[in-house]
Amino acid sequence: MDQLDLSDIMFESEYLEIERLKHITECDDLATVERFESTQTDTNQLTDTFGHLTSVKYLRLTGSYIPVLRDLGAVLHTVRVMWLGSCSLKELTGASSCVNLTELYVHFNYISNIADLACLEKLEVLDLEGNNISSLSDAQYLSSCPNLRDLTLTDNPVTLGKEYHEGKD
């Protein structure tokens with residue numbers, strides 16, 4: 001009886017994930033893919049293979065399971081527009097890698113801390129609807145995003161507070 005070699009299984013598993021990505025993108029050269037869309041993606045399965053998507057500029061994984069932003073790995077360096085709504089996202093750790101990000105849609109997740117977005121100088125649109133942002137002081141980090149022109153905080157605990165409504169008429 002032959003002995004099972006775990007490296008062969010791991011190689012085969014990665015090969016299958018790469019083939020899956022090729023099928024999803026309808027492209028044999030993953031390095032040329034600029035737009036990637038998928039639902040019900042589990043980053044635990046695709047984390048290593050996202051490294052093959054080195055030119056992705058538009059990433060839509062709405063409805064997938066992505067608890068931490070850094071789980072997306074190398075794709076974060078090139079992406080400009082990212083949709084991660086309803087992804088069970090709890091942390092934005094890794095956002096500093098998103099140096100080209102101009103639009104981020106992370107609605108209906110579990111985000112309570114947005115400090116990791118402070119360094120995103122190109123960020124123009126940020127949709128945080130339906131998260132756990134509880135204080136306007138949390139939003140102070142966004143003051144270092146000079147191009148931010150559209151911020152959505154609807155359905156966050158912060159919108160229930162008096163300080164949020166002061167100055168609004």
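Residue numbers start at 1 and run along the sequence shown.
How far CG of Leu123 is from CZ of Arg149: 9.5 Å, rounded to the nearest 0.5 Å. Taking CG of Leu148 as the start and OG of Ser143 as the end, the distance is 10.0 Å to the nearest 0.5 Å. Put simply, OG on Ser64 and CG on Asp71 are 12.0 Å apart, with the number rounded to the nearest 0.5 Å. Summarising the geometry, atom CE belonging to Met82 is positioned 13.5 Å from atom OH belonging to Tyr58; distances are rounded to the nearest 0.5 Å. Ser55 OG to Arg35 CZ: the interatomic distance, rounded to the nearest 0.5 Å, is 14.0 Å. The line from CG of Leu84 to CZ of Arg60 is 10.5 Å long, rounded to the nearest 0.5 Å.
Atom NZ of Lys22 has more than 12 heavy atoms from other residues, nucleotides or ligands within 6.0 Å. Enclosure of atom CD in Gln140 by more than 12 non-hydrogen atoms of other residues, nucleotides or ligands within 6.0 angstrom is indicated.
A donor-acceptor contact shorter than 3.5 Å is absent between the side chain of Asp138 and the backbone of Ile133. Put simply, the side chain of Asn109 never gets that close to the backbone of Ile111: no donor and acceptor are under 3.5 Å apart. Using a distance-only test at 3.5 Å, with no hydrogens or angles considered, no donor-acceptor pair links the side chain of Asp150 to the main chain of Glu124.
Taking every heavy atom of both residues into account, Val79 and Lys57 meet most closely at CG2-O, 3.5 Å. Residues Thr54 and Thr78 approach most closely at O-CG2, 3.0 Å, considering heavy atoms. For the pair Ser144 and Cys119, the tightest heavy-atom approach, listed with the atom from each and the gap, is OG-N, 4.4 Å. Pairing each heavy atom of Leu61 with each of Phe36, the nearest pair is CD2-CE2, 3.6 Å. When all heavy atoms of Cys145 and Ala118 are compared, the pair lying nearest together is SG-O, 4.1 Å. The two residues Val158 and Ser135 make their nearest non-hydrogen contact at CG2-C, 3.5 Å.
Looking at heavy atoms from C-beta onward, Pro67 lies out of side-chain contact with Glu91 at the 4.5 angstrom threshold. Between Leu59 and Val81 there is no side-chain heavy-atom pair separated by less than 4.5 Å. With contacts defined as side-chain heavy-atom distances shorter than 4.5 Å, the pair Ile66/Val68 does not qualify. Side-chain contact between Ser134 and Asn156 is absent, with no heavy-atom pair separated by less than 4.5 Å. You'll find the side chain of Asn131 stays beyond 4.5 Å of the side chain of Ile114, heavy atoms only. Side-chain contact between Asp116 and Tyr141: absent, with no pair of heavy atoms (C-beta onward) separated by less than 4.5 Å. Contact check for Leu101 versus Val99: no side-chain heavy atoms found under the 4.5 Å cut-off. Contact of the Cys87 side chain with the Tyr65 side chain is not registered, since no non-hydrogen atoms from C-beta on lie closer than 4.5 Å.
Criterion: ILVMFWY side-chain heavy atoms under 4.5 Å apart, direct or through other members. Under it, Leu72 and Trp83 are not part of a common hydrophobic cluster.
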Working note: Thr152 + Thr154, criterion side chain to side chain donor-acceptor pair (under 3.5 Å); need CA distance, chi angles, decisive distance, verdict.
CA-CA 6 Å; Thr152 304; Thr154 309; 5.7 Å; no
Checking Leu69 against Thr93 for the side chain to side chain contact (heavy atoms under 4.5 Å, CB included) test, could you report, in this order, the C-alpha distance in whole Å, the side-chain angles of both residues, the deciding distance, and whether it holds?
CA-CA 6 Å; Leu69 191 61; Thr93 306; over 6 Å; no
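Side chain to side chain, Lys122 and Asn147 fail the donor-acceptor criterion of an N or O pair below 3.5 Å.
For the side chain to side chain contact (heavy atoms under 4.5 Å, CB included) test with Leu104, the passing option among Val125, Leu117, Asp127 is Leu117; the others fail.
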